Amino acid sequence: MTFQDILTASGFTQSELEGGALDVHTPIDGSRIASLQTHSDSQVLDMIVRGGTAFETWRKVPAPRRGELVRLLGEELRAEKENLGRLVTLECGKIYQEGLGEVQEMIDICDFAVGLSRQLYGLTIASERPGHAMRETWHPMGVCGVISAFNFPVAVWSWNTAIALVCGNPVIWKPSEKTPLTALSCKKIFDRAVARFGDDAPDDLLQVLVGGREVGDTLVSSPDVAIVSATGSTRMGRAVGAKVAERFGRCILELGGNNAMIVTGSADLEMAVRAIVFSAVGTAGQRCTSLRRLIVHESIYDTLVPRLKDVYSGLPIGNPLEEGVLVGPLIDAGARAAMQSALDQAQSEGGTLHGGGTLADTYPDAAYAAPAIVEMPGQSDIVKHETFAPILYVMKYSELEEAIGIQNAVPQGLSSCIFTTDVREAEEFLSDVGSDCGIANVNIGPSGAEIGGAFGGEKETGGGRESGSDAWKGYMRRQTNTVNYSRELPLAQGIKFDI
Ligand code: NAD
């Protein structure tokens, strides 16, 4: 299929792809595939008003009926899985298998949200006063602004949107300026679900805002955007979090990670090698949950590291649309320059580099790079920094406590894992004195979370939770109700106040 075929299969007409100021390039060969119109500040403000109007109607629609819209969205996504998966590959460069996986994740969250739409449980609480009932109920919040990053261009939107919609909130989505086409394709898919749903869906339940951080800033600063769910770098989160806090808005931050694996002396090394390679080089090291730090017990270091170097030297790198390729390109030249600069710094901090070269033969305008392993004498400055590229820093340890200390001694706190066959080691890693991350796994890598669990991390990762478990509570407001069905008016805490 040509690039044009992929765009046509996703329903884009030529006129939609031309004439705007925002150039969209495919990382596959660096060529321009579209020039899109961007939204102005005043258009963003208008969208927020229209989102508010949609909220007035949508919050009155019963939650299970709202779930029906999400069920239809899931059906439309199933029908469009291959086309959207291919478009994800074209626009962000991850291999087609991962593009398909991303769409499957969208389908899974829709299924989850449909079930949730018949739950949204509150609590009943014991009251100290006779003839009184206490309960906790959950209510829609208002317009939900979703800001997403280039590396999961559609899944992150769906995690937020499927849940926000069943919770009664319309969505305004600002995708990454590097991946607006996948967002516009999702809008087309969503509109098909709305057309099948019926008249009780208001207009503007989902609006897509095309542009860079300036339009994102307008969205974030508006007091009429009740929730801002922002996924991206820690730098972005710092700016967005402060803006939303200033106006006492609700913020869900999903920011950078610096994920580690501890491989203990008892680990199943064959399993560990497969998990390491998938987590470190998948999506060319551009997952928030990519494995970036490997902390290896000294007893197996000289077995594991040569084995990894061997696998790395044979990795199929190339066009992510081609079957058999496991590593696609970096998003752009800036990402490759950042990778090179990190490798230079790592070497100047005592690291020994294996791999990591630039590959420019086939597509000189694209940013392909060979994944790198860097053996480090310790956790130096560069190792504590998230470089969004396939660099795996390897360090040695002798005691588990020391390994957990290294794992936790970075500013980020997203995902972590341990490979061990010793139950004591596994349980210690998961205990109060173990990993300090939002995600901690045993005998699987740090990436590839399932949607049933809450996703997110601590410290500079931002503290937000999305997707499964009770993450839906981030999209609703909690209300505590006390109902007096007695004929008296007793005050709480036994206070006397007779008039
Ligand atoms: P980025 O921070 O450059 O951009 C992310 C989004 O934020 C884009 O849509 C961008 O336009 C917008 N943005 C940036 N500054 C803004 C501002 N001041 N106000 C409003 N909007 C602003 O990130 P990226 O390069 O697209 O993505 C890579 C980063 O995202 C990595 O750090 C990665 O770890 C992180 N990420 C985190 C998760 C997670 O769930 N924790 C998931 C995916 C990506």
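Sequential numbering from 1 along the given sequence is applied to the chain's residues. These values consider heavy atoms only, across backbone and side chains, with no hydrogens, waters or symmetry-generated copies. Just follow the structure's listing: the first ligand is 1, and inside any ligand the first atom is 1. Note that this is a predicted model, so its numbers are computed, not measured.
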Judged by atom type as modelled, is there a donor-acceptor pair below 3.5 Å linking the side chain of Q286 to the main-chain atoms of I331?
-> yes
Give the protein residues with at least one non-hydrogen atom closer than 4.0 Å to an atom of ligand 1, ordered by chain and number.
-> I147, S148, A149, F150, N151, K174, P175, S176, E177, R213, G216, D217, T231, G232, S233, M236, A239, V240, E254, L255, G256, G257, C288, E386, F388, L414, F455
Within 6.0 Å of CD in Q104, more than 12 heavy atoms from elsewhere | yes
Between the side chain of E375 and the main-chain N/O of V394, is any donor-acceptor distance below 3.5 Å?
-> no
More than 12 heavy atoms of other residues, nucleotides or ligands under 6.0 Å from CZ of R78: is that the case?
-> yes
Counting only N and O atoms by type, is there a donor-acceptor contact under 3.5 Å from the side chain of E105 to the main-chain atoms of A155?
-> no
Evaluate the ring planes of W173 and W157, with Trp represented by its six-membered ring, and classify them as parallel (under 30°), tilted (30 to 60°) or perpendicular (over 60°).
-> parallel
